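Model, not experiment: these values are computed from the prediction.
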Amino acid sequence: WKIARTMDATIEIVNRLAAPKSVNALLYTPVTSGLSCRETRVYELTADASEDAMRRFAGEVLADPVSDEIHLGATPALPGAAYHLDIALKRGLLDLEREYLLKYLRNDPKAGLSPKSLRVVRRIYIYGADASPAPERIVKDVVNPVIHTWKIHHA
């Protein structure tokens, strides 16, 4: 039996069946680089919970047991990327996935979690040695600065 305490968890969900795709799938105008990309979902959760409760929540609610892998921790789940881009909605904007998950946690006593905050992030990994297009070019086509926050993490 584990004691619940306030803890921060970073939960990354990786679809193991999704193959890398051309970076052109993200862009409005194609580029001639050999870059590829993969996308994951990241949940940054602060809650009164045990580590077991966090793992159970990730496995039962956030991930599909057949197609998804769960990665706990702040280190990126997918190795070898030249960089990755994290995109989230700005605070104060309606995020239906976030609201649904918080409501679920607050209304399910079996969950064993008392949420304090939750942030949902779209993570895009960029692979390839070619330096073009620059990360800022991808940001320009993928991010809406009016509603999104973003950060580029270089390898």
Q. Parallel, tilted or perpendicular: which fits the ring planes of H84 and H153, with parallel below 30° and perpendicular above 60°?
A. parallel
Q) To the nearest 0.5 Å, how far apart are CD1 in I87 and OG1 in T149? A) 9.0 Å
Q | Salt-bridge criterion met for K151 and D86 (N-O under 4.0 Å) | A | no
Q.
A quick test of your reading: do over 12 heavy atoms of other residues, nucleotides or ligands sit less than 6.0 Å from CZ of R91?
A. no
Q: Considering non-hydrogen atoms only, spot the tightest contact between V31 and R137 and give its length.
A: CG1-NH2, 3.9 Å
Q) If you measure only the distance, is there a donor-acceptor pair under 3.5 Å linking the side chains of Y43 and R41? A) yes
Q: Go through the structure and list residues passing side-chain hydrogen bond (donor to acceptor under 3.5 Å, both in side chains) with Y127, not counting sequence neighbours.
A: none
Q | Close side-chain approach of I138 to L27, heavy-atom, < 4.5 Å | A | yes
Q. For the atom pair CZ (R106) and OG (S114), what is the distance rounded to the nearest 0.5 Å?
A. 8.0 Å
Q: Starting from the C-alpha separation in whole Å, work towards a yes-or-no answer on side-chain contact (heavy atoms from CB on, under 4.5 Å) for T46 and R119.
A: CA-CA 9 Å; T46 300; R119 184 170 175 249; over 6 Å; no
**Q.** D68 side chain reached by V14 side chain, heavy atoms, under 4.5 Å
**A.** no
Q) What distance separates L118 CG from Y100 OH, expressed to the nearest 0.5 Å? A) 13.0 Å
Q. So, T10 versus E44: side-chain donor-acceptor pair below 3.5 Å or not?
A. no
Q | Atom pair CG (L78) and CD (E12), whose distance is rounded to the nearest 0.5 Å | A | 6.0 Å
Q: Quick one: closest heavy-atom pair of A81 and Y125, and the distance?
A: CB-CD2, 3.8 Å
Q. When you check the side-chain N and O atoms of R98 and S117, is any donor under 3.5 Å from an acceptor?
A. no
**Q.** Exercise: identify the closest heavy-atom pair between L45 and P115
**A.** CD1-CB, 4.4 Å
Q: Could you tell me whether the side chains of E99 and Y104 share a donor-acceptor contact shorter than 3.5 Å?
A: no
Q: Tell me, with the steps shown, if K140 and E136 meet salt bridge (charged side-chain N to carboxylate O under 4.0 Å, His left out).
A: CA-CA 6 Å; K140 180 180 165 277; E136 294 74 21; over 6 Å; no
Q | Nearest-0.5 Å distance, NZ of residue K21 to OG of residue S36 | A | 11.0 Å
Q: Grab the two heavy atoms, one from L17 and one from S67, that are nearest each other, plus how far apart they are.
A: CD1-CB, 3.7 Å
Q) Among all residues two or more places apart in sequence or in another chain, which pass the side-chain hydrogen bond (donor to acceptor under 3.5 Å, both in side chains) test with S22? A) none
Q: List the atom of G128, the atom of L35, and the distance in Å for their closest heavy-atom pair.
A: CA-CD2, 3.8 Å
Q. Would you call E39 and R122 a salt bridge, using N to O less than 4.0 angstrom?
A. yes
Q | D95 (side chain) donor-acceptor with L89 (main chain) under 3.5 angstrom | A | no
**Q.** Worked check of side-chain contact (heavy atoms from CB on, under 4.5 Å) between W150 and V142
**A.** CA-CA 10 Å; W150 69 94; V142 175; over 6 Å; no
Q. Which heavy-atom pair separates M54 from L113 by the least distance, and what is that distance?
A. SD-CD2, 3.8 Å
Q: Decide if atom NZ of K90 counts as having more than 12 heavy atoms of other residues, nucleotides or ligands within a radius under 6.0 Å.
A: yes
Q | Donor-acceptor contact present, side-chain R38 to main-chain N15, <3.5 Å | A | yes
Q | Spatial distance of atom CG (D141) from atom CG (L26) [nearest 0.5 Å] | A | 8.5 Å
Q. Given the rule in the side-chain contact (heavy atoms from CB on, under 4.5 Å) test, do L85 and I126 qualify, once you have shown the distances and angles that lead to the verdict?
A. CA-CA 8 Å; L85 172 64; I126 306 296; 5.8 Å; no
Q.
Between K116 and T6, does the side-chain contact (heavy atoms from CB on, under 4.5 Å) criterion hold? Intermediate values first, please.
A. CA-CA 9 Å; K116 306 281 187 202; T6 299; 4.2 Å; yes
